[in-house]
Undergrad: 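My questions all concern the structure below.
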Amino acid sequence: MENIIFGPLLILCATANILWYTVKSILTENDYKVNYWYGHFKDIPNFKDLINKTENPAIKSKYLKIFWALIFSIVLFVSLGAYAFLNHL
């Protein structure tokens with residue numbers, strides 16, 4: 001059963017990284033300071049701030065979709081990882 005979990009974990013890890021570096025790219029384009037090697041969790045409040053400042057409804061909607069997809073993928077990754085870890089013990 002544990003082996004079935006690792007495929008989705010790998011896909012979630014890749015998805016979360018793609019979303020995270022998309023957020024970093026968007027923040028960089030909008031003159032926010034971003035570090036690609038550390039401080040990843042600083043990007044979440046900065047991205048939320050950018051979403052709140054964005055006036056164009058289409059762009060705001062796009063940013064919100066990216067934001068919630070990132071949050072969902074992180075939560076799901078941690079949950080599945082914990083489930084796999086606890087069931088492996």
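For the single chain, residues carry numbers from 1 onward in sequence order.
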Undergrad: Between atom NE2 of His40 and atom CG of Leu70, what is the distance when rounded to the nearest 0.5 Å?
TA: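 The NE2 atom of His40 sits 11.5 Å away from the CG atom of Leu70.
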Undergrad: Please evaluate residues Lys48 and Leu64 with respect to the criterion side-chain contact (heavy atoms from CB on, under 4.5 Å), reporting the C-alpha separation (whole Å), side-chain torsions for both, the decisive distance (0.1 Å), and the verdict.
TA: CA-CA 8 Å; Lys48 190 67 175 148; Leu64 277 169; 4.2 Å; yes
Undergrad: Quick one: does any side-chain atom of Thr54 pair with a main-chain N or O of Leu50 as donor and acceptor, under 3.5 Å?
TA: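 Present.
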Undergrad: Counting only N and O atoms by type, is there a donor-acceptor contact under 3.5 Å from the side chain of Asn17 to the main-chain atoms of Cys13?
TA: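 Present.
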Undergrad: With a 4.5 Å cut-off on side-chain heavy-atom distances among I, L, V, M, F, W and Y, is there a chain of contacts connecting Ile11 to Trp68?
TA: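 Hydrophobic grouping puts Ile11 apart from Trp68.
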Undergrad: Check whether Ile18 and Ile66 end up in the same hydrophobic cluster, where Ile, Leu, Val, Met, Phe, Trp and Tyr are linked by side-chain heavy atoms less than 4.5 Å apart.
TA: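 No, because Ile18 and Ile66 fall into different hydrophobic clusters, even though each may have its own neighbours under 4.5 Å.
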Undergrad: To the closest 0.5 Å, what do you measure between OG1 (Thr15) and CG (Leu10)?
TA: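 Answer for the OG1-CG pair, Thr15 versus Leu10, is 9.0 Å.
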Undergrad: A side-chain contact here means heavy atoms from C-beta on lying under 4.5 Å apart; do Leu19 and Phe67 qualify?
TA: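 No; the side chains remain at least 4.5 Å from each other.
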Undergrad: Going only through I, L, V, M, F, W and Y residues with side-chain contacts under 4.5 Å, is there a path from Phe41 to Val23?
TA: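 Cluster IDs for Phe41 and Val23 match.
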Undergrad: Answer yes or no: does atom NZ of Lys42 have more than 12 heavy-atom neighbours from other residues, nucleotides or ligands under 6.0 Å?
TA: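 It does not: Lys42 NZ has 12 such atoms or fewer within range.
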Undergrad: Between Ile74 and Trp20, is any pair of side-chain heavy atoms under 4.5 Å apart?
TA: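 Of all side-chain heavy-atom pairs linking Trp20 with Ile74, at least one is under 4.5 Å.
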Undergrad: Do any N or O atoms from the side chain of Tyr36 and from the backbone of Tyr21 form a donor-acceptor pair under 3.5 angstrom?
TA: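 Between the backbone of Tyr21 and the side chain of Tyr36 there is no qualifying donor-acceptor contact (under 3.5 Å).
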Undergrad: Nearest 0.5 angstrom please: Leu76 CG to Ile71 CD1, how far?
TA: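 Between atom CG of Leu76 and atom CD1 of Ile71 there are 13.0 Å.
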Undergrad: Please work out which of the three classes, parallel, tilted or perpendicular, describes the rings of Phe47 and Tyr63, given edges at 30° and 60°.
TA: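 Tilted, since the angle between the ring planes falls between 30° and 60°.
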Undergrad: Do you reckon Leu12 sits in the same ILVMFWY cluster as Tyr83, going by side-chain contacts under 4.5 Å, direct or chained?
TA: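 Per the 4.5 Å side-chain linkage, Leu12 and Tyr83 are co-clustered.
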Undergrad: Does any N or O in the side chain of Lys60 come within less than 3.5 Å of the main-chain N or O of Glu55, such that one atom is a donor and the other an acceptor?
TA: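 Such a contact is absent between Lys60 side chain and Glu55 backbone.
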Undergrad: Compare every heavy atom of Pro8 with every heavy atom of Leu80, then report the nearest pair and how far apart it is.
TA: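 That closest heavy-atom pairing would be CD1-CB, 4.3 Å.
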Undergrad: On a heavy-atom basis, which atom in Ala84 and which in Ile5 lie closest, and how many Å separate them?
TA: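 Smallest heavy-atom distance, with atoms named: CB-CG2, 3.6 Å.
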